[in-house]
Amino acid sequence: MNARMKVLNIAVAALFLVASSGCVVVSNGGNKPHNITFLWTFGGRTCGQVGGVTRVKVTIPGQSLENGGVYSCTSTGTDGITLLNFKQGAYTYTLSGQNDSGVELYASSGSLTLGNSDASLAVDLTPVAKVNLTVLWTFGGRHCADVPSVSKVTLDIAGVALANNGVFNCSPAGADGITLTNFAPGNYPFTIQATNSAGTLLYSASGTFVVLVTDVNAAVDLAPVAGQPAFAYVSWTFPANSLSSTPNCTQAGVTKVVVTVDNGQGQLFTCSDGLAGGSSPGVLVTSTAGNHTIDVAASDDNGFYYYRKVSALPPLFVGGSVAAQYALEWNVGSLPLRWTFNSGGVNRDCAYVGATQVKIDLKDSSGNYVYGTAGSTVPCSTSGVMGTAFPYLYPDTYQVYIQAVGSGSILYKSNLTSPPTVTVTAGAFPQVSSSTPEIVMQ
């Protein structure tokens with residue numbers, strides 16, 4: 001007899017026996033048609049718990065069922081179906097739990113004898129096959145070898161008991177992951193955590209493994225835990241000078257290096273500790289995972305910074321370190337100055353006006369005097385050259401003030417109202433020459 005689908009939530013009056021391959025017998029009492037209700041589970045799980053199973057195909061030999069016997073896994077809130085208008089007698093059945101593509105994931109079969117009452121069967125479908133689940137892990141896209149601080153990986157899968165409570169080395173058997181066996185089709189919520197040797201949580205991820213009827217390879221990329229430090233080994237070199245093409249710290253004239261990340265608090269190091277080419281990989285700089293800028297500045301004992309480099313750090317990551325080498329550049333340049341004296345409308349030299357020394361003041365763009373209120377006093381003439389070069393000044397535009405006292409205590413001065421200006425460029429070291437503009441004192 002044909003049967004048709006009926007909405008569940010009916011009162012079940014039949015006495016039934018549950019068995020995946022057994023028989024349900026209902027007492028005989030007339031030939032009135034009755035209904036058969038199938039209530040299904042999958043390895044003890046409901047439709048919502050098992051995942052992957054979206055429909056169930058019911059097959060009863062000799063019966064033509066609506067929609068070819070294919071029904072939604074859950075109908076009006078119940079995991080099952082009621083089939084109508086069956087004559088009394090013996091029937092066999094097969095239930096097939098399938099995904100959207102019709103792939104069979106679970107199955108069960110059995111028989112029943114329908115008497116004078118409706119019948120209700122609770123059928124637990126079993127997996128068609130159990131498969132392997134291989135979990136491969138990375139850490140922000142990096143492998144175990146890249147994050148040596150990761151010593152343990154803990155895998156927790158809901159409802160599954162794992163060996164050693166799910167705690168594994170980062171690379172058991174040489175692979176960054178683990179293969180687990182005997183998994184029935186279904187959805188398996190999971191959490192993976194990576195810790196260092198002290199048990200500090202470094203990386204974490206969670207999600208759901210979807211297992212069907214073939215072996216599964218699941219790649220899980222763990223994300224760094226917020227607030228955990230990341231490290232870089234920073235080293236440096238200096239530009240060539242008159243002493244060496246690859247100067248060491250002494251030849252470069254510096255003793256200290258300050259490393260600053262993202263304009264934060266600088267870290268002070270001894271210059272030789274980070275000099276490239278030595279036995280050390282560099283100085284250890286601590287920050288957080290991600291992209292950063294770095295400022296490396298080298299100074300003498302007085303805190304005068306001769307060299308500097310502002311650049312980008314390689315992306316930092318938790319659990320490992322990166323190496324970064326920077327070719328420091330000159331942070332200073334030279335300033336050549338020449339002067340002359342206007343006496344009686346004619347430019348004169350030092351000997352003519354009787355001046356032996358010249359006092360020079362330089363004011364930077366921030367209004368600060370480079371040499372304080374006393375200025376810098378230099379000989380008026382050296383080997384016949386009325387001028388000098390200040391070798392190490394920070395790049396800037398400077399106002400120049402020059403004074404000298406000649407014979408008869410006559411004071412000669414450059415223009416103090418509209419002082420001449422000069423520019424210093426980092427890495428440029430011009431010397432006094434005939435092309436150096438003269439500053440006139442009168």
Side-chain angles (χ1 to χ4, degrees), residues 238-243 247 250-256 297-308 329-442:
F238 297 102
N241 59 24
S242 60
L243 299 177
T250 300
Q251 293 168 330
V254 298
T255 57
K256 304 178 186 303
S299 74
D300 59 17
D301 282 333
N302 296 318
F304 188 81
Y305 289 92
Y306 291 90
Y307 308 93
R308 187 182 184 192
E329 300 169 348
W330 284 105
N331 190 47
V332 294
S334 69
L335 173 60
L337 294 176
R338 286 201 308 157
W339 49 79
T340 187
F341 299 87
N342 184 286
S343 177
V346 179
N347 286 346
R348 305 290 187 178
D349 60 17
C350 297
Y352 184 88
V353 299
T356 59
Q357 292 182 320
V358 172
K359 187 179 80 168
I360 300 173
D361 283 330
L362 299 175
K363 183 188 287 187
D364 64 22
S365 59
S366 298
N368 301 310
Y369 285 97
V370 175
Y371 302 111
T373 56
S376 177
T377 300
V378 299
C380 185
S381 177
T382 303
S383 301
V385 177
M386 294 192 302
T388 191
F390 294 95
Y392 301 117
L393 289 172
Y394 292 138
D396 201 350
T397 298
Y398 296 89
Q399 293 179 334
V400 182
Y401 303 87
I402 304 180
Q403 299 182 60
V405 177
S407 300
S409 299
I410 297 175
L411 178 63
Y412 295 88
K413 299 181 292 184
S414 61
N415 190 330
L416 303 183
T417 303
S418 298
T421 60
V422 293
T423 299
V424 175
T425 303
F429 297 93
Q431 300 301 306
V432 177
S433 68
S434 58
S435 63
T436 304
E438 287 185 326
I439 295 176
V440 179
M441 289 180 285
Q442 55 187 356

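Of all the heavy atoms in Ser434 and Arg338, the pair that sits closest is O-NH2, 3.3 Å. Thr388 and Val378 get closest at one heavy-atom pair: CG2-CG2, 4.3 Å. When all heavy atoms of Pro419 and Gln399 are compared, the pair lying nearest together is CG-CD, 3.8 Å. Nearest approach of Met441 to Ser414, heavy atoms of both residues: CG-N, 3.6 Å. Looking at every heavy atom in both residues, Tyr307 comes nearest to Ala252 through OH-O, 3.0 Å. The shortest heavy-atom contact between Pro379 and Trp339 is O-CZ2, 3.7 Å.
Taking 4.5 Å as the limit, some side-chain heavy atom of Val400 sits within range of a side-chain heavy atom of Leu362. Proximity of Ile439 to Leu337: side-chain heavy atoms (C-beta onward) are separated by under 4.5 Å at one or more points.
From Ile402, atom CD1 reaches atom OH of Tyr412 across 15.0 Å, with rounding to the nearest 0.5 Å. Between the CD atom in Gln403 and the CD1 atom in Ile360 there is a gap of 11.0 Å [rounded to 0.5 Å]. Between the NZ atom of Lys256 and the CG atom of Asp300 there is a distance of 9.5 Å, given to the nearest 0.5 Å. To the nearest 0.5 Å, atoms OG1 (Thr425) and CG (Leu393) are separated by 11.5 Å. Distance CG/Asn347 to OH/Tyr352: 12.0 Å, rounded to 0.5 Å.
At distances below 3.5 Å, not a single donor-acceptor pair connects side-chain atoms of Ser365 with backbone N or O atoms of Asp396. Checking side-chain atoms of Arg308 against main-chain N and O of Asn331 turns up no donor-acceptor pair under 3.5 Å. Of the possible donor and acceptor atoms, one in the side chain of Ser334 sits under 3.5 Å from a partner among the backbone N and O of Pro430.
Checked options Thr421, Val422, Asp361; the residue passing with Tyr398 is Val422 (criterion: side-chain contact (heavy atoms from CB on, under 4.5 Å)).
Evaluation of the side chain to side chain contact (heavy atoms under 4.5 Å, CB included) rule for Gln251 yields Leu243, Ser244, Pro247, Asn248 as partners, not counting sequence neighbours. The side chain to side chain contact (heavy atoms under 4.5 Å, CB included) search around Ser381 returns Cys350, Met386, not counting sequence neighbours.
Taking the six-membered ring for Trp and the full ring otherwise, the centers of Trp330 and Tyr306 sit at least 6.0 Å from each other. Note: Phe304 and Tyr394 meet the aromatic proximity criterion, with ring centroids under 6.0 Å apart.
Pairs passing the ring-ring contact (aromatic ring centres under 6.0 Å, His included) check and including a residue from residues 356-378, sequence neighbours excluded, read Tyr371-Phe390.
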